[in-house]
Undergrad: 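One structure coming up, written as structure tokens, with questions to follow.
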There are 2 protein chains.
Amino acid sequence: MRLVIARCQVDYVGRLTAHLPMATRLILVKADGSVSVHADDRAYKPLNWMSPPCTMSVSEPDVEAAEALGVTEVWQVRSKDGDTLQISLAEVLHDTAHELGIDPGLQKDGVEAHLQALLAEHPATLGDGLALVQREYLTPIGPVDLLLRDAAGDYVAVEVKRRGEIDGVEQLTRYLDLMNRDPALSPVRGIFAGQQIKPQARTLASDRGIEWRLIDYDALRGMDNADERLF
Amino acid sequence: MRLVIARCQVDYVGRLTAHLPMATRLILVKADGSVSVHADDRAYKPLNWMSPPCTMSVSEPDVEAAEALGVTEVWQVRSKDGDTLQISLAEVLHDTAHELGIDPGLQKDGVEAHLQALLAEHPATLGDGLALVQREYLTPIGPVDLLLRDAAGDYVAVEVKRRGEIDGVEQLTRYLDLMNRDPALSPVRGIFAGQQIKPQARTLASDRGIEWRLIDYDALRGMDNADERLF
DNA sequence: CCTTAGATTTCGTGT
DNA sequence: ACACGAAGTCTAAGG
């Protein structure tokens, strides 16, 4: 990993064209070949970058750039599909490199998957008498998060989101349309479940006869812990 | 901007929980308060980070961490909604700080906006006899990118995407449903336009009687240049 | 302030 | 490889 602090000007031509006037910035060159140009804000997002795979070549500035802007060196970073990131360096204030080695990597504890698993274990949270038939029930247009059956024996398709938005309702609608065409399943009703559900999603769901349920993640986790203590 | 290269272990608790075992990484502390932890890959994406506003405090490690892992210093980064990023430093290989000042910022030349503008200027690209009525025609559920009228005087609603996917078709469908309820507009037909349109989006559009058109951005730009030369 | 739509989205995962 | 869904998405614009 190479860290360069320099006054520089940057020009990107690719999926868009962008220009950064001369200013002092951090240029980060990683072992994977990626190059990113950071200002002292915008959190972790660089002003400009090139994702790997890409190649970097260093060249002399043309006379004009050298005289007008004091450019001493030009980096050309080029990706496979022709995108280019050109960094014109005028004054290098810092330049170091470090061997980091490969990272053992990140261990994540997801939320949506966990939410789905918890609801699969406690389907009655979504309504009295509901019982699990299957998780990730496959339809031709994708998997339904949970397939349940109610006390009357009718099927219930459940879409689980951490944050329920309009797209999720559209998705569940498509599943329901399809499943209700299957005589072996019909009638199938829908439940849209989420930790949060946006107002528009609530309205659209209700308008389409789909129930929506707010899920209390912490309470569900609590039930889970209670179970663990019992056994 | 502070650059630290150190062996460290990281623990994040917030919208998810994540853990990074001890390894050598770059820690980037920006003037905006943000902290990000980078490995030597994953392009510009950090392994872990905290977005501003947040506060950092430095403390001594507990005896256990110091003895077992050689931790010499612990950074606690806390956001206002209770998320915490804890960085346990074991060996600091590099630590420098630089004043960068505020960045003049990025000048972008967008794509989708430009595409919409070009199509507004050359609506016949979408079909013979089509003429522009209005860009960003407002409906109660959002703006239709382009409202056109065909040779017969019927309205045509156009949704423009750089990459057309199923969501875009859903969006246009909602607009069309709504507009066709208005006797002053009905009948309104739809055109889904994009530089690329995914197969599923094509199928869904066709299934709903919505035409789809692939747009040649470069050719449109060429037409634009030709116009400029004429005047 | 909330909501929506776009992003050089990026990043997995499954087919 | 392509396609689709999720992201600690983030971010800017509009009501």
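Naming: A, B, ... by sequence-line order, numbering from 1 per chain. This structure is a prediction, so every number in the text was calculated from the model and none was measured.
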Undergrad: Using whole Å, what does the distance between atom P of nucleotide D/dA13 and atom CZ of B/R135 come to?
TA: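 Atom CZ in B/R135 sits about 15 Å away from atom P in D/dA13.
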Undergrad: Salt bridge check: are B/E121 and B/R135 linked by an N-O gap of less than 4.0 Å?
TA: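 Not counted as a salt bridge, because no side-chain N and carboxylate O are separated by less than 4.0 Å.
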Undergrad: Of all the nucleotides listed (C/dT8, C/dA5, D/dG8), which has the minimum atom distance to the side chain of B/Q171?
TA: C/dA5
Undergrad: For DNA chain C, whose closest nucleotide is more 5', that of A/E165 or that of B/L106?
TA: A/E165
Undergrad: Could you list by number each residue of residues 40-49 of chain B showing a heavy-atom separation from DNA chain C of less than 4.0 Å, or answer none if no residue does?
TA: B/R42, B/Y44, B/K45
Undergrad: Crowded around B/R78 CZ? As in, over 12 foreign heavy atoms under 6.0 Å?
TA: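 At most 12 heavy atoms, drawn from other residues, nucleotides or ligands, come within 6.0 Å of this atom.
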Undergrad: Would you indicate whether the side-chain heavy atoms of A/L214 and A/R202 approach each other to under 4.5 Å?
TA: yes
Undergrad: Can you identify which nucleotide, out of C/dA5, D/dG8, D/dG5, has its nearest atom closest to the A/K161 side chain?
TA: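 Nearest to the side-chain atoms of A/K161, counting from C-beta on, is D/dG5.
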Undergrad: Give the rounded distance in Å between these two atoms: NE2 of B/H38 and P of C/dT10.
TA: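 It is 15 Å, rounded to the nearest whole Å.
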Undergrad: Tell me: CG of B/L16 to P of D/dA7, nearest whole Å?
TA: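 My rounded result for the distance is 9 Å.
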Undergrad: State whether the side chain of A/N48 and the backbone N or O of A/V37 hold a donor-acceptor pair below 3.5 Å, judged by distance alone.
TA: no
Undergrad: To the nearest Å, give me how far apart CG (B/D167) and P (C/dA7) are.
TA: 14 Å
Undergrad: Taking atom P of C/dA7 as reference, at what distance in whole Å does atom OH of A/Y12 sit?
TA: 12 Å
Undergrad: Would you mind reading off the distance between B/Q116 atom CD and D/dA13 atom C1', rounded to a whole angstrom?
TA: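 In whole Å, D/dA13 C1' and B/Q116 CD are 14 Å from each other.
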Undergrad: Between C/dT10, C/dG6, D/dA6, which one does the side chain of A/S51 approach most closely?
TA: C/dT10
Undergrad: Write down the distance between CD (B/E170) and P (C/dT4), rounded to a whole number of angstrom.
TA: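 Those two atoms, CD and P, are 16 Å apart.
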Undergrad: Quick one: which of A/V29, A/L85, A/V10 gives a side-chain contact (heavy atoms from CB on, under 4.5 Å) with A/W75?
TA: A/V29
Undergrad: Check whether any side-chain heavy atom of B/M56 lies under 4.5 Å from a side-chain heavy atom of B/M50, and answer yes or no.
TA: no
Undergrad: Rounded to whole angstrom units, what separation is found between the NZ atom of A/K80 and the P atom of D/dA1?
TA: 11 Å
Undergrad: Taking atom P in both C/dG6 and D/dG8, compute the distance separating them and give it to the nearest angstrom.
TA: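 These two P atoms come out 22 Å apart once rounded.
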Undergrad: For A/L146 versus A/A120, what's the shortest heavy-atom pair and its separation?
TA: CD2-CB, 3.9 Å
Undergrad: Roughly how many Å apart are D/dG14 and C/dT8, using the C1' atom of each and rounding to a whole number?
TA: 24 Å
